[in-house]
Colleague: 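Quick one: the structure is below, questions incoming.
The figures that follow rest on heavy atoms only: side chains count, while hydrogens, waters and symmetry mates do not. Treat the numbers as computed from the prediction; the structure is a model and nothing was measured. Per chain, numbering begins at 1; letters A, B, ... match sequence-line order.
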2 protein chains.
Amino acid sequence: MRYHRGDVVDRAIAVLDEYGLESLTMRRLAAELGLQPSALYHHVPNKQTLLAAVADEILTRGRRPRRARKWDRRVVEVCAELRDAMLAYRDGAEVVVTAYTFGLGAGEPASQLQEALRDGGLPDDLVDVGTRALLHLVFGHTVEEQMALQAASAGAIDRAPGGPADFERGLELVLDGLRSKVNG
Amino acid sequence: MRYHRGDVVDRAIAVLDEYGLESLTMRRLAAELGLQPSALYHHVPNKQTLLAAVADEILTRGRRPRRARKWDRRVVEVCAELRDAMLAYRDGAEVVVTAYTFGLGAGEPASQLQEALRDGGLPDDLVDVGTRALLHLVFGHTVEEQMALQAASAGAIDRAPGGPADFERGLELVLDGLRSKVNG
DNA sequence: ACCTGAACACCGTTCAAGT
DNA sequence: ACCTGAACACCGTTCAAGT
């Protein structure tokens, strides 16, 4: 059994989804592949890079075709895709957000949001401020939502975080602010 | 030298600020206090709780008197205080946000934002949506800003994240959205 | 109540050596 | 190119025993 980088990333996602981020160790992953831990370092320079690749793959797998025409509907579409992609795997939001925090990956959603805001006719500086605000909102909301979902499924009752409805309402708050600037 | 819980938390903040979160280990902290690692468990049940206490203390130390009268100015005031409190210590944003993510601490800023939005005359559901949106914005922005600041001071040039100006502009986006609902 | 000493069950990573 | 075996330098936490 000779593996390539893609196999390692795929297996990492499987371990993540089944046992959670805290169980996704290099040693555990190696065992899962029937390898010595040191063998992983032929495919990936270190754990941080592996996690960034996992984050990237999670986003890639969640990709959907663009349908919306109007810039603000496209923003909602991109954000919803991002949220759904992260929610599709256990601790997915945590992994994607951490990778983004360390400047790795998630550049794709950012450019798509930028593009949408530019199409909306916003000035460059507002495009940047708006893109960051939207990303922070989606990341923050989704991490919180996933945390609550997993806590709920583990028995803790906890108040639900709102789901897709609250998500879109938070988004609309920022979009309202942006719309008021495009025709103002 | 007999220590109490407060001493342990204070020393943890000192270690955090000087060497960063990755160096804040139970063993390192114990050594810093001249103790065996096991001694820490007389003051704190585990590391997670310690970090939550550190987060709480960071927010407490950053507390400032409320000056603003109007609800939307008070929102800005609360958010700015939160941001400044987190920026005051190395990796402070990371620690506070992680604690919040795990449902520990940071309840204080949340209730203050809720109160401000209620004073603004917003309906209950919008108060909750708005509070979460504002918190996510502040957390996301500040983690990103601190990351960039620390990267810059470590030699990596990196584009600056905007500082207080971009921070307030992101906030204003959400506030615009909220204001349009209060008189609408 | 607070602490020591020793142990348990792990980590990520490196490196010489094998095929 | 991909992997093994062994080691290095760590982790968080528990627990019996001391004062």
Side-chain angles (χ1 to χ4, degrees), chain A residues 1-57 90-91 94-96 98-99 101-105 154, chain B residues 1-57 90-91 94-96 98-99 101-105 154:
Chain A
M1 284 167 193
R2 241 85 188 296
Y3 294 112
H4 296 79
R5 190 189 149 102
D7 306 311
V8 173
V9 172
D10 287 351
R11 196 59 159 255
I13 292 183
V15 172
L16 177 74
D17 198 42
E18 192 164 359
Y19 306 102
L21 180 56
E22 77 174 12
S23 294
L24 180 49
T25 68
M26 297 298 272
R27 301 181 97 104
R28 172 71 178 264
L29 176 58
E32 207 83 15
L33 289 163
L35 296 177
Q36 295 296 317
S38 51
L40 294 177
Y41 292 86
H42 283 271
H43 302 102
V44 123
N46 51 51
K47 189 179 181 180
Q48 196 185 177
T49 305
L50 201 230
L51 287 176
V54 165
D56 248 39
E57 178 64 17
R90 161 124 83 131
D91 291 333
E94 197 74 47
V95 171
V96 170
T98 301
T101 297
F102 287 88
L104 313 160
Chain B
M1 285 166 194
R2 242 93 187 293
Y3 295 111
H4 295 80
R5 190 189 149 103
D7 305 312
V8 173
V9 173
D10 288 350
R11 195 58 158 255
I13 293 183
V15 172
L16 177 73
D17 198 43
E18 194 164 359
Y19 307 101
L21 180 56
E22 77 175 11
S23 295
L24 179 50
T25 67
M26 296 300 269
R27 301 180 97 104
R28 172 70 180 265
L29 177 57
E32 206 84 16
L33 290 163
L35 295 176
Q36 295 296 316
S38 51
L40 295 177
Y41 292 86
H42 284 271
H43 301 102
V44 124
N46 52 49
K47 189 179 182 181
Q48 196 185 180
T49 305
L50 200 231
L51 287 177
V54 164
D56 248 39
E57 177 65 16
R90 163 128 76 135
D91 291 332
E94 196 74 47
V95 172
V96 169
T98 302
T101 297
F102 286 89
L104 313 161

Colleague: Taking only residues two or more places apart in sequence, or in another chain, which ones meet A:T98 in a side chain to side chain contact (heavy atoms under 4.5 Å, CB included)?
Modeller: A:E94, A:F102
Colleague: OP1, OP2 of D:dG5 versus side-chain N and O of A:Q36: anything below 4.0 Å?
Modeller: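 True: A:Q36 side-chain N/O within range (under 4.0 Å) of D:dG5 OP1/OP2.
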Colleague: What nitrogen or oxygen pairs link the protein and nucleotides 16-19 of chain D at under 3.5 Å?
Modeller:
none

Colleague: Determine whether a donor-acceptor pair (N or O, by modelled atom type, separation under 3.5 Å) exists between the side chain of A:D91 and the backbone of A:G20.
Modeller: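 Judged by distance alone, no pair lies under 3.5 Å.
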Colleague: With sequence neighbours excluded, give me every side chain to side chain donor-acceptor pair (under 3.5 Å) pair touching residues 10-21 of chain A.
Modeller: A:D10-A:R61
Colleague: To check you understand the geometry: which heavy-atom pair defines the closest contact between B:V54 and B:A12, and what is its length?
Modeller: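 Reported closest heavy-atom pair: CG2-CB, 3.7 Å.
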Colleague: For nucleotides 10-13 of chain D, which of its nitrogen or oxygen atoms have a protein nitrogen or oxygen under 3.5 Å away, and what is each distance?
Modeller:
unit_1: D:dC11; atom_1: OP1; unit_2: B:T25; atom_2: OG1; d: 3.4
unit_1: D:dG12; atom_1: OP1; unit_2: B:M26; atom_2: N; d: 3.2
unit_1: D:dG12; atom_1: OP1; unit_2: B:K47; atom_2: NZ; d: 2.9
unit_1: D:dG12; atom_1: OP2; unit_2: B:M26; atom_2: N; d: 2.9
unit_1: D:dG12; atom_1: OP2; unit_2: B:R27; atom_2: N; d: 3.4
unit_1: D:dG12; atom_1: N7; unit_2: B:R27; atom_2: NH1; d: 2.7
unit_1: D:dG12; atom_1: O6; unit_2: B:R27; atom_2: NH1; d: 2.8
unit_1: D:dT13; atom_1: OP2; unit_2: B:Y41; atom_2: OH; d: 2.7
unit_1: D:dT13; atom_1: OP2; unit_2: B:K47; atom_2: N; d: 2.9
unit_1: D:dT13; atom_1: O5'; unit_2: B:Y41; atom_2: OH; d: 3.3

Colleague: Donor-acceptor pairs under 3.5 Å, side chain of residues 41-51 of chain A to any protein atom, not counting sequence neighbours: which ones?
Modeller:
unit_1: A:H43; atom_1: NE2; unit_2: A:Y3; atom_2: O; d: 2.8
unit_1: A:N46; atom_1: OD1; unit_2: A:Q48; atom_2: N; d: 3.3
unit_1: A:N46; atom_1: OD1; unit_2: A:T49; atom_2: N; d: 2.9
unit_1: A:N46; atom_1: OD1; unit_2: A:T49; atom_2: OG1; d: 2.8
unit_1: A:K47; atom_1: NZ; unit_2: A:L24; atom_2: O; d: 3.2

Colleague: Are B:H43 and C:dA1 close enough that a side-chain N or O sits under 4.0 Å from OP1 or OP2?
Modeller: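 For C:dA1, neither OP1 nor OP2 has a side-chain N or O of B:H43 closer than 4.0 Å.
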Colleague: Just jot down the side-chain hydrogen bond (donor to acceptor under 3.5 Å, both in side chains) partners of A:D56, sequence neighbours excluded, or say none.
Modeller: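 Applying side-chain hydrogen bond (donor to acceptor under 3.5 Å, both in side chains) to A:D56 gives none.
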Colleague: Quick one: stems involving DNA chain C, counted as three or more successive Watson-Crick or G-U pairs, both distances short of 3.5 Å.
Modeller: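 When the pairs of DNA chain C are grouped into runs of at least three, the stems are C:4-8 with D:12-16, C:12-16 with D:4-8.
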Colleague: Which residues in residues 3-16 of chain A have a heavy atom closer than 4.0 Å to any atom of DNA chain D?
Modeller: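 Contacting residues: A:Y3, A:H4.
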Colleague: Pairs of donor and acceptor atoms involving the side chains of residues 26-34 of chain B, under 3.5 Å and at least two apart or interchain, shall be tabulated with distances.
Modeller:
unit_1: B:R28; atom_1: NE; unit_2: B:E32; atom_2: OE1; d: 3.4

Colleague: Please measure how far the C1' atom in D:dC2 lies from the corresponding atom in C:dA17, and state the result in whole Å.
Modeller: 13 Å
Colleague: Rounded to whole Å, please give me the gap between CG in A:L40 and P in D:dC3.
Modeller: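 Distance check: A:L40 CG to D:dC3 P gives 9 Å.
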Colleague: Among residues at least two apart in sequence or on other chains, which ones pass side chain to side chain contact (heavy atoms under 4.5 Å, CB included) with B:A53?
Modeller: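 Per chain and number, B:A53 pairs via side chain to side chain contact (heavy atoms under 4.5 Å, CB included) with B:R5, B:V9.
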Colleague: Say you draw a straight line from CZ of A:R90 to CG of A:L16; how long is it, rounded to the nearest 0.5 Å?
Modeller: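 Output value for this atom pair is 8.0 Å.
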